[in-house]
Amino acid sequence: MAIAALFDVDGTLIARNSARLYMHHLRRTGQARRRDVAQTLYFLARYKLGLLDVERALAVSMTWVLGKREEAVRDDCLTWYATEVRPFIVPVMAAAVAAHRRAGHVTALLTSATRYLAEPLAADLDIPHAIVTQLVVRDGVFTGEAVRPVCYGKGKTYWAERFAAENAVDLSRSYFYTDSVTDLPVLERVGEPRVVNPDPRLRRVALRRGWPVIRPRLRDTPAGSEELIRSIATGGEATWRHDGARQRAGD
């Protein structure tokens, strides 16, 4: 069976939270109100603490697309992505994706975001698969519904397992990169968990369990992390540094 490398997006492949970036875009273009921004920031704070009520957050976010044409939203998101998201792609993580591809691994995004962010990012990084939260579209118009389970928390594990079954992937030998404690179910499901710039709760879990932790920065170049990239490409582990060690990959 194949080995996969699955990648979270926010705080992992990109150095920002896409929901925050998108809400500021909607506000700047007159598509959202100030209180919508405030509500989004509230949900993001709950998310960072691992306390997000995803159903409530989804219900609120669906009001922004309900009744809109999918084509218009996709076009708007493409413009937003090109100008406001692409600059935050972390070079070391982009190189990690390429290293997994060279190693013959199946690469995929695994994110609670929708396809309207994931697909242009996947295209930029030459990632063939995007496992996302799916919004229901009927006759080209958003219905305000999402396919359940949402790709978040345990829902991510559901979709990762479904993807694995459909693509003959062995998750027990596969990798998953993320920064968030909300992704703990998937980290526990794969054989090769990788923790990237973790939130405080995930950092504690990773240290306790001895999971590799890396802290690549937006300004870091792959040339400065050649050992990390080489270790992925060769399947090795010796060059990974653990958070708290005297040297961290990317530092």
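Residue numbers start at 1 and run along the sequence shown. What you see is a predicted model, and the numbers here were worked out from it, not measured in a lab.
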Practice problem: Please round to the nearest 0.5 Å and tell me the distance separating atom CD1 of Ile131 and atom CZ of Phe163. | Solution: 5.0 Å
Quiz item: So, Arg189 side chain and Glu161 main chain: donor-acceptor pair closer than 3.5 Å or not?
Solution: no
Exercise. Give the intermediate values and the outcome of side-chain contact (heavy atoms from CB on, under 4.5 Å) for residues Val150 and Arg148.
Key: CA-CA 5 Å; Val150 175; Arg148 297 304 199 275; 3.9 Å; yes
Quiz item: What residues, two or more places apart in sequence or in another chain, satisfy ring pair (Phe, Tyr, Trp, His ring centres under 6.0 Å) together with Phe142?
Solution: Tyr116
Quiz item: Do the side chain of Thr133 and the main chain of Ser112 share a donor and acceptor less than 3.5 angstrom apart?
Solution: yes
Quiz item: Which pair of non-hydrogen atoms, one from Thr12 and one from Met93, has the smallest distance, and what is that distance?
Solution: O-CG, 3.2 Å
Practice problem: Could you check whether the rings of His100 and His105 sit parallel, tilted or perpendicular, using 30° and 60° as the cut-offs? | Solution: tilted
Quiz item: Can you list the residues that meet the side-chain contact (heavy atoms from CB on, under 4.5 Å) rule with Ala123, with sequence neighbours excluded?
Solution: none
Quiz prompt | Trp159 (side chain) donor-acceptor with Pro149 (main chain) under 3.5 angstrom | solution = yes
Quiz item: What about Leu218 and Leu13, same hydrophobic cluster or not, with Ile/Leu/Val/Met/Phe/Trp/Tyr joined at side-chain heavy-atom distances under 4.5 Å?
Solution: yes
Self-check item: Among Val137, Asp75, Asp139, Val141, the one residue meeting side chain to side chain contact (heavy atoms under 4.5 Å, CB included) with Arg69
Solution: Val141
Self-check item: Asp220 side chain reached by Pro91 side chain, heavy atoms, under 4.5 Å
Solution: no
Quiz item: Minimum heavy-atom separation for Phe176 to Asp8, with atom names?
Solution: CE1-N, 3.8 Å
Self-check item: Test item: side-chain donor near acceptor, Thr178 and Ser180, under 3.5 Å
Solution: no
Self-check item: For Ala118, all residues meeting side-chain contact (heavy atoms from CB on, under 4.5 Å), sequence neighbours excluded
Solution: Leu109, Thr111, Ala130, Val132
Quiz item: Considering only heavy atoms from C-beta outward, does the side chain of His129 approach that of Asn167 to under 4.5 Å?
Solution: yes
Quiz item: Is the backbone of Ala19 close enough, under 3.5 Å, to the side chain of Asn17 for a donor and an acceptor to pair up by distance?
Solution: yes
Self-check item: Between CG on residue Leu6 and OH on residue Tyr175, distance to nearest 0.5 Å
Solution: 12.0 Å
Practice problem: Taking all heavy atoms of Leu171 and all of Ala164, pick out the closest pair and write down the distance. | Solution: CG-CB, 3.7 Å
Quiz prompt | Listed partners of Asp170 passing salt bridge (charged side-chain N to carboxylate O under 4.0 Å, His left out), at least two apart | solution = none
Quiz item: Roughly how far apart are Glu84 CD and Cys77 SG, rounded to 0.5 Å?
Solution: 10.5 Å
Quiz item: Rounded to the nearest 0.5 Å, what separation is found between the CZ atom of Arg173 and the CD atom of Glu192?
Solution: 10.0 Å
Quiz prompt | Over all atoms of both residues, closest heavy-atom pair of Ile127 and Ala108 | solution = CG2-CA, 3.5 Å
Quiz item: Hey, is the main chain of Leu202 close enough, under 3.5 Å, to the side chain of Asp199 for a donor-acceptor pair?
Solution: yes
Quiz item: Just wondering, do Val85 and Tyr22 contact through their side chains at under 4.5 Å, heavy atoms?
Solution: no
Practice problem: With rounding to the nearest 0.5 Å, note down the distance linking CZ in Arg74 to CG in Leu78. | Solution: 7.5 Å
Quiz item: Could you go step by step and tell me if Leu110 and Lys156 meet the side-chain contact (heavy atoms from CB on, under 4.5 Å) rule?
Solution: CA-CA 7 Å; Leu110 179 60; Lys156 269 194 180 182; 4.1 Å; yes
Self-check item: Heavy-atom side-chain contact between Asp124 and Tyr81 under 4.5 Å
Solution: yes
Self-check item: Non-hydrogen atoms of Gly11 and Asn197 that approach each other most closely
Solution: O-CB, 4.2 Å
Self-check item: Ile214 vs Arg194 side-chain heavy atoms within contact, under 4.5 Å
Solution: no
Quiz item: Who are the side-chain contact (heavy atoms from CB on, under 4.5 Å) partners of Arg209, not counting sequence neighbours?
Solution: Leu184, Glu188, Val205, Trp211
Quiz item: For Arg16, which residues count as a side-chain contact (heavy atoms from CB on, under 4.5 Å) partner, sequence neighbours excluded?
Solution: Leu21, Phe88
Quiz item: Does Asp10 reach the side chain of Ser18, with side-chain heavy atoms less than 4.5 Å apart?
Solution: yes
Quiz prompt | Non-hydrogen atoms of Asp179 and Val196 that approach each other most closely | solution = CB-O, 3.0 Å
